[in-house]
Amino acid sequence: MEMLVYLIPVSLLLGGIGLAAFLWSLKHRQYDDPDGDANRILSDDWDDRPKP
Amino acid sequence: MSTAAPSISACPACVAAPAAEAIAARRAEKDAGLVLSLPTAHCAVCISDVERTLAAMPGVRSARVNLTLKRVSVAAGPDVTADDVIARLKTIGYPAHELDPGLLSVTETDKRGRDLLMRLGVAGFAMMNIMLLSVAVWSGAEAATRDLFHWISAAIALPTLAFAGQPFFASAWTSLKARRLGMDVPISLALILASAISLYETFEGGHHAYFDAAVSLCFFLLAGRYLDYRSRAAARSAAEELAALEVPRATKLLAGEERIVPIAELAVGDLVRVRPGARMPVDGTVTEGTSEIDRSLLTGETLPVWAGEGSTVSAGEVNLTGPLTVRVSAAGRDSSLHRMADLVAVAENARTKYTSLADRMARAYSPSVHLLSLTAFAVWMYLTGDLRLSVNIAAAVLIITCPCALALAVPAVVTSASGKLFRKGFLIKDGTALERLAEVDTVVFDKTGTLTMGAPEPQDLSARSRDDLAVVAALAGASAHPLSRALAGALDAAGIRPAAVTGLREVPGWGVEGRWRGKPVRLGRAEWLGAVPGERTASWFAKGDAAPVEFAFADSPRPGAEEAVQALIASGKRVILLSGDAEAPVATLARTLGIPDWQSGMRPEEKAGRIAALTEAGHRVLMVGDGLNDTAALAGAHVSISPATALDAARTASDIVLLGQDLAPLSDALRIATVARRRIKQNFALSLAYNVIAVPVALVGLATPLIAALAMSASSITVSLNALRLK
């Protein structure tokens, strides 16, 4: 059962990374236009960023 | 399904307020940005088309399309107006409407949505981690391991609940302060009681801790709250965003000098100059100039009316051809426009407050849950005298009856249904509009601008000689009169080149004249050419001494109007056409569309009266209209729809705005509303069924955290899936 000492923090850490990623995406307005983003990959124009 | 349920548009003050807000917002934003609604955008090509076209416009810094909201935001210099952008978009085939550029309020509502979403994410994270630990406990972890897991769960759950549960605690507190028992009171009670008991059990090394249940409860409720918020935000922004088109200003003549003043500063007896194409700001009498006046928005008449010295004009009418000087006879509160607004206020007050299904449910729900939990506590206390056991059972009852599924039942369906309707071009402004739409059995249409496009189209052009048409094209091209413009447009489309007519001159109020091959030619009103005016909308054309010939116009039906009417009749609805226009055009349209029940020449009060009479007789009326003359009827009907091209007063008074041109989806909207209502009822039944099974288990003290978690998740997921089934 000593494994728990590692496994529980690891599972919490992994979950925490997921949560942090979600909060980041929320803060950077990744969910403002899901339909548009799905369609924009089809267009040849350079979008706002990044430009080469 | 939260605490504040009454509809947003019910207060008559809101009808007046947006205009003032819009002015304030406009002053604040200067050259911030334009936001336009783009109802027909739907694909990748649309995005790049619109963005590239707008970016190429001088003065435009950037343009970005939001496909989800079907909007484009344009950052441009102060010299670029929304009208320029709309005109540009029209040339590449995208109809657009201006939305209120109060970007500030848009970001603010966004912030609240993001806040809820963040709490939802935190709750979801905590729920999954605690569930992991709980699974171990459920599958038989013992003694020290179980205690450790409970402690870790507590360490995750308590901060999570303190953070994610805030919306519920706050609104429960407000409703308690107002001495009401809202839905959030049992929710907060369940959250607090469950964590307190679980913490106590953890201290004592007990078997059952409800941390997982408390956090997943919080998660599902937040999901419901977020969906509910989203549909409410859409409703609110629709009311805010459809910008007020007219700035309440007038050009006042002061000792021969023109000054722009707010309408509020005008007094009876003042002189006001009204340019061609402008709207009358006041009621009054014409003292100088001749012109024609378009009354269609006030009365529904399609035929422009002649106006000269001595004619009376009313606020809201549009001056067409010549500049007019008007002596004010009534301004502000007393003008006919304002009397119309008062009529709307009266009708809105008369509209019975609609209680949504969710409210009715919530009203019965909260007291019964508290009662049930209290009874369980009292009975167990009486039977066993064991305080710890009794409190445990009371908490289990609260957790299991907690309205996860109920809180999701309505928002999930409303979100999915309004999404469907939005894709068909309907913007729902009022939260309960969907439910009211489902009850409709009678549909009342207005004619001009609703069933028809409100734009005249010349008839039988091919019957004329090409020479005549070429002269007419030249004459019509010289005037900004709507009939002339329609004629010029149609001739241009038919490939007729204007003839070389010299000495072109517009005679305001009457028509256009010129000389062609030495002969005088004229295009204008029948009286001017000495002809007898017929019933139809028409321009007359005379060449030299020859008898004048008639160019008749008809208002073409809106695309999809016939389909919509046929589908409504086929689905057993009663369809009525009420118009302020003359008998002949109304009868023709009613015959074309197959509407058996029609009435012409109706004044605004009569329309509203007819709606009230129908409502009195027990009918649920859907009113579809666009003009000022419809506003009272729109406000008085059970539910109302107006096209996006309608006047703001009409749009404010209606519950749903039709963004596209096409009327055909109307019957589909009614069908979707009916199905949505059925789904909501099914969802209530489903969540009640779960309670009927789980509550007795909890009452006899057999509920374990596992059963609570299962019942809760299963019911929430079934309810959400049922909502997604909406087709």
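Note that the structure is a prediction, hence the values are computed from the model and not measured. So you know, we letter chains A, B, ... as the sequences are listed, proteins then strands, and number each from 1.
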Q.
Looking only at heavy atoms and a cut-off of under 4.5 Å, which of A/Pro34, A/Ser11, A/Gly18 has the most pairs with chain B?
A. A/Pro34

Q. Among pairs that include at least one residue of residues 119-134 of chain B, which meet side chain to side chain donor-acceptor pair (under 3.5 Å), considering only residues two or more places apart or in two chains?
A. B/Asp115-B/Arg119, B/Arg119-B/Gln166, B/Ser134-B/Asp212

Q: Using non-hydrogen atoms and a 4.5 Å limit, figure out which bit of B/Val45 sits close to chain A: side chain, backbone, both or neither.
A: neither

Q: Below 4.5 Å from any heavy atom of chain A, which atoms of B/Ile47 appear? Answer side chain, backbone, both or neither.
A: side chain

Q. How many angstroms lie between atom CG of A/Asp35 and atom CG of B/Asn66, to the nearest 0.5 angstrom?
A. 8.5 Å

Q: Supply the atom-to-atom distance B/Phe125 CZ to A/Ile17 CD1, rounded to the nearest 0.5 angstrom.
A: 10.5 Å

(Q) Counting only heavy atoms from other residues, nucleotides and ligands, does the tally under 6.0 Å from CE of B/Met128 exceed 12? (A) no

**Q.** Side chains of A/Arg40 and B/Val65 in contact at under 4.5 Å (non-hydrogen atoms)
**A.** yes

Q.
Within the structure provided, determine whether A/Ile8 and B/Leu132 are in side-chain contact (heavy-atom separation under 4.5 Å).
A. no

Q: Carefully, step by step, assess B/Leu117 and A/Phe22 under the rule side chain to side chain contact (heavy atoms under 4.5 Å, CB included).
A: CA-CA 10 Å; B/Leu117 206 54; A/Phe22 172 71; 4.1 Å; yes

Q: Tell me, for A/Ile41 versus chain B, whether the close heavy atoms (under 4.5 Å) come from the side chain, the backbone, both or neither.
A: neither

Q) Between B/Met118 and A/Leu23, which heavy-atom pair has the shortest distance, and what is it? A) CG-CD2, 3.2 Å

